[in-house]
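Below is one structure; the comments refer to it alone.
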Amino acid sequence: MKPFTPDQHQAKKRFGQNFLHDYGVIERIVKCIQPKESDNIIEIGPGLGALTREILPHSKKIAVIELDRDVIPKLKFNCDRAGELTIYEQDALKTDFNQFSQAGIMRVVGNLPYNISTPILFHLFQFLPTIQDMHFMLQKEVVERIVAQPGSKTYGRLSVMTQYYCHAQMLFLVPPESFDPPPKVDSAIVRLKPREEKLAVADFELFSGLVSDAFNQRRKTIRNVWKKRISAQELVDVGLDAGARPENLALEDFIKVANYVASTR
Ligand SMILES: C[S@@+](CC[C@H](N)C(=O)[O-])C[C@H]1O[C@@H](n2cnc3c(N)ncnc32)[C@H](O)[C@@H]1O
């Protein structure tokens, strides 16, 4: 394989560019992904190809989505079999991922630009029926929020909504020195597997709205947070403590409340 030359490009802050150069970390990510020849891999933000060039020897179908057109020639230069890559020079946030599903169920990977990682996750949640799994490098705090359980400080809207869609697992931490330039934060790899069985939510908009309202006022009790939607007695009737705080409710509790409110309209 060609030597990797990540110093060939001046990183652009506005694109969240922190290029991975730690080979040990790259190898560990590839081991976690376990790419197979028949996989339909979609990489978001390949940059200079640190990950791409290590996945290419394993998989035949790789599509990459990169917003910064200046890195594309360097990405091609760094990859031994660049001709086998399908390159989309576009914004992942505006990409219709259904277009890739003709090549089979997708495996989405990427060392995401941290400034837009949450919007990218919510964008991808629209395409879950055609996604097998996702492996992302994100800011460590974001991964902690994704996998957080009720009662923890980091548990919030991102935890509930991600866990509604997916099983989430933090795989390992990555220090700033593994990147060039080093970010100001620690990073972590997360694996997201879409739930095989969709959870029974009667009205998704209502559920999502109740979750947002709850965590926008996380210090209040649920009786107060939702007083216009459901009474304290009704909360007790669905099996909840009306004096609990949103951070103490499990995903299933939010669903119970949402389905109850939906049934009373
Ligand atoms: C953190 S860097 C990772 C680069 C490379 N994968 C690596 O690990 O070294 C994020 C990459 O995402 C690209 N990017 C930023 N915003 C994007 C967007 N909206 N859509 C697609 N790619 C984007 C950046 O240009 C950059 O190449």
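Counting starts at 1 for both ligands and their atoms, in listed order. These numbers come from a predicted model, not from an experiment.
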Inset, instruction - Consider only side-chain heavy atoms of I, L, V, M, F, W and Y, link residues closer than 4.5 Å, and tell whether I131 and I62 are in one cluster. - result: no
Inset, instruction - Give a yes or no on whether R245 atom CZ has more than 12 heavy-atom contacts from other residues, nucleotides or ligands under 6.0 Å away. - result: yes
Inset, instruction - Tell me, please, which residues at least two apart from Y114 pass ring-ring contact (aromatic ring centres under 6.0 Å, His included). - result: none
Inset, instruction - Determine, for D80 against R53, whether the closest basic-nitrogen to carboxylate-oxygen distance falls under 4.0 angstrom. - result: no
Show the distances, to 0.1 Å, for all pairs joining an N/O atom of ligand 1 and a protein N/O atom that are shorter than 3.5 Å, listing one pair per line.
| residue | atom | partner | partner atom | Å |
| --- | --- | --- | --- | --- |
| ligand 1 | 6 (N) | G45 | O | 2.8 |
| ligand 1 | 6 (N) | P46 | O | 3.3 |
| ligand 1 | 8 (O) | N111 | ND2 | 2.7 |
| ligand 1 | 9 (O) | L20 | N | 2.8 |
| ligand 1 | 19 (N) | D91 | OD1 | 2.8 |
| ligand 1 | 20 (N) | A92 | N | 2.9 |
| ligand 1 | 22 (N) | L67 | N | 3.3 |
| ligand 1 | 25 (O) | Q17 | NE2 | 2.9 |
| ligand 1 | 25 (O) | E66 | OE2 | 2.5 |
| ligand 1 | 27 (O) | G47 | N | 3.4 |
| ligand 1 | 27 (O) | E66 | OE1 | 2.7 |
| ligand 1 | 27 (O) | E66 | OE2 | 3.4 |

Legend entry - Hydrophobic cluster membership, M137 vs M106, 4.5 Å side-chain cutoff: no
Inset, instruction - Applying side-chain contact (heavy atoms from CB on, under 4.5 Å), run through H9 and D68 and close with a yes or a no. - result: CA-CA 11 Å; H9 177 80; D68 181 5; 3.7 Å; yes
